[in-house]
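As structure tokens, the structure follows; a few thoughts come after it.
Please read all numbers here as calculations on a predicted model, not as lab measurements. Indexing begins at 1, ligand by ligand and atom by atom, following the structure's order.
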Amino acid sequence: MFWLSASDNPYADNRQILVPYSDSMKAVLKRGGQEAASRPSGYTMAAGAFGNGNGGAISGNLIVAANTESNSDYIRNVKAAGLPVHPVRFPAALPETFIKFQTRLKDLVFEPFGGSLTTAAVAEALDRRWVASECMLEYVRGGQLRFPSAKAA
Ligand SMILES: C[S@@+](CC[C@H](N)C(=O)[O-])C[C@H]1O[C@@H](n2cnc3c(N)ncnc32)[C@H](O)[C@@H]1O
């Protein structure tokens, strides 16, 4: 994933995408932090370091998300409408991570390659405004079924 910004100071807050602490970190928190120790690097760890819980750990660069959706409302509704199921949808966790990380409530999310409107549906669920473009009308019509209250295109 590339993260491009039109400004030098884009909004980003990794506290919005914390992940659960590991068992070893939970143990550190439980005992009130690290014991004082000198590290091989020369850094001296103060007693109690890393003793404050912050609700979760900073997530890594790797997003682990299965792409195995096979029984969703989207698929059922698209098939029932006689429309093609988009063949290369990505997992909702992908846009969800970036939308939470880099936008605030009511911000505008633009998806230039809308496909089945996965990004749009995630943006809507996260209370962001969104705009999507897609060159295949039948994919837009299928994606529209993710929004039951939307008027037909
Ligand atoms: C990889 S798919 C996106 C799938 C989407 N993320 C989802 O989960 O459904 C890329 C989409 O971009 C569309 N596309 C390709 N070139 C385009 C263009 N120039 N303008 C608008 N849409 C385009 C394709 O038709 C295709 O549906």
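For a heavy-atom separation below 4.0 Å, the residues in contact with ligand 1 are His86, Val88, Arg89, Phe90, Pro112, Phe113, Gly114, Gly115, Ser116, Thr118, Glu134, Cys135, Met136, Tyr139.
Panel note: side chain Gln16, backbone Phe101; no donor-acceptor pair is recorded below 3.5 Å. A donor-acceptor pair under 3.5 Å is absent between the side-chain atoms of Thr118 and the main chain of Ala92, judged by distance alone. A distance-only check finds a donor-acceptor pair linking the side chain of Asn67 to the backbone of Arg89 [under 3.5 Å].
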- prompt: Given the rule in the side chain to side chain contact (heavy atoms under 4.5 Å, CB included) test, do Asn54 and Tyr21 qualify, once you have shown the distances and angles that lead to the verdict?
  reply: CA-CA 10 Å; Asn54 292 304; Tyr21 285 124; 3.7 Å; yes
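No hydrogens or angles considered: a donor-acceptor pair under 3.5 Å links the side chains of Thr103 and Arg128.
Figure legend: Arg104 and Tyr11 shown as a cation-pi pair, the cationic atom lying under 6.0 angstrom from the six-membered ring centre and within 45 degrees of its axis.
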